[in-house]
Protein chains: 2
Amino acid sequence: MSIRKNKQPRIRRTPEESRANILSSAERLLTEQGPQTLRLADVAKEAGVANATVLHHFGTIDGVHTALMERMIAELVEKVMAIELTEDTEVSRAQALTTLFEAFEQKQASKLAAWLELTHQAGRLTNVRQVVRDVTRKKFHHQNVPEDVVEDVMLVCITLALGVGLFGQTLSEMLGKPPSRAKEMALSVLMLGLRQLEAERKG
Amino acid sequence: MSIRKNKQPRIRRTPEESRANILSSAERLLTEQGPQTLRLADVAKEAGVANATVLHHFGTIDGVHTALMERMIAELVEKVMAIELTEDTEVSRAQALTTLFEAFEQKQASKLAAWLELTHQAGRLTNVRQVVRDVTRKKFHHQNVPEDVVEDVMLVCITLALGVGLFGQTLSEMLGKPPSRAKEMALSVLMLGLRQLEAERKG
DNA sequence: AGCGCTACTGACAAAAATGTCGATAAGAAA
DNA sequence: TTTCTTATCGACATTTTTGTCAGTAGCGCT
């Protein structure tokens, strides 16, 4: 046993960097280990800092939770707003839907949503309506479809994207199918169903 | 202040009754307050018994969690297996789907599933595949559709039912629509989409 | 009534999680 | 180099949560 104390030199970050480091670690824990591991010691360890450092930047462990939610929500909104839908062809629509589904599974946004739902914090998503409105206007302005119909369609798409993002992979594998099968099937059914719905509306 | 100690007489139940009482209370907490309130003291208080009583029956708080999961899973499986699908008309199919969707929202099965998914306990659902197989055989034996196609269809239906059950109400209300709107839209799209899928397969 | 079994309980012990505080050291600026 | 600011940390204090134990009480049985 060496007597020498071999302490690592401290890493001193800017407050912004430090907060980002901690939140990234927390996000990793949330998506890889589940919400119950979002404890002070776990987060601090994952971020490679002392417990007190986490509290220095966020006040309480709840502060970490809140900040994490806000960061993940902002990321998701950005991703959704970036979806292209310049023309309204089948192909373009399929691409947009695929991107939407991926947005909800890639950054583990579905897990965030489930966490909010289970903890009754969904109220934090105050801007969902506004985002949907914005998307409706910006992406669908060139079509002659009533806004509330567009909103209904988006409601379905988001609901299904969340379901697929959260459960799709696990369910697919449970049934002995490739992990993306649920997503593929959902996309097919959604495309076909929406086309029919549109046909009915027009006809 | 009265000096007299006014203790309630003890309620002595059979072990089965007592376990059921505790699990029912835990289920109520899970669905109404979220998983983080499934703590020993909370469960005991909700059940109206002492902390030690809960431990007497379940050993640890984790034992309560496990037992609760198993009970809710069994309930759900029973509900799903009870779905009628004697003939394959549009009406019958719509009824079956409606029942399925309701099974996933009524008994808060979606919340259970989300809890399992977030806590990486989905492995507990070892019998999902068997259930799907059973349903496939029992409910669809009269059709001439390959079994794996039926399984794909069930995969979509379950995924969407879970998504709607967990997020449907909240999302609908966020968009200023009646709480059942997401479910209705999902059902419509699903029915239309499945019909088209079938048409494509045949044609 | 008396007895045995055990579900039940309060009080206490142990463990885990959160939060506080004074000291330290990294980096910028003088 | 010296000074100043403050991000960082270890040690400790507090609170929360879980688990133990010995005794109590409800209920069936004789």
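So that the names make sense, note that chain A is the first sequence line, chain B the second, and so on, each numbered from 1.
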> Which value, rounded to the nearest 0.5 Å, describes the distance between B:Leu112 atom CG and A:Leu118 atom CG?
Replying inline: 10.0 Å
> In Å, rounded to the nearest 0.5 Å, how long is the span from CZ of B:Phe167 to OG of B:Ser172?
Replying inline: 12.5 Å
> Among residues 36-53 of chain A, which contact DNA chain D at a heavy-atom distance under 4.0 Å?
Replying inline: A:Val49, A:Ala50, A:Ala52, A:Thr53
>> Checking contacts here: which listed nucleotide (D:dA7, C:dG19, C:dA7) is nearest the side-chain heavy atoms of A:His57?
In response: D:dA7
For [X] and [Y], indicate whether the former's side chain and the latter's backbone hold a donor-acceptor pair under 3.5 Å.
X: B:Arg19; Y: B:His57; value: yes
X: B:Gln130; Y: B:Asn127; value: no
X: B:Thr31; Y: B:Glu27; value: yes

>> Using the side-chain contact (heavy atoms from CB on, under 4.5 Å) definition, which of the options B:Val43, B:Leu68, B:Ile22 pairs with B:Phe58?
In response: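 Single pass found, and it is B:Ile22.
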Could you state the atom-to-atom distance from [atom1] of [X] to [atom2] of [N] in whole Å?
X: B:Phe58; N: C:dC8; atom1: CZ; atom2: C1'; result: 15 Å
X: B:Arg10; N: D:dG26; atom1: CZ; atom2: P; result: 7 Å
X: B:Arg12; N: C:dT6; atom1: CZ; atom2: P; result: 9 Å
X: A:His56; N: D:dG10; atom1: NE2; atom2: P; result: 15 Å
X: A:Asp62; N: C:dA17; atom1: CG; atom2: C1'; result: 13 Å

>> Within the 4.0 Å heavy-atom criterion, would you say A:Leu55 contacts the bases, only the backbone, or no part of the nucleic acid?
In response: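 Answer is base: heavy atoms of A:Leu55 come under 4.0 Å of a base.
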> So, is B:Thr60 close to the D:dT18 phosphate, meaning a side-chain N or O under 4.0 Å from OP1 or OP2?
Replying inline: no
> Does a nitrogen or oxygen in the side chain of B:Thr14 sit under 4.0 Å from OP1 or OP2 of C:dA7?
Replying inline: no
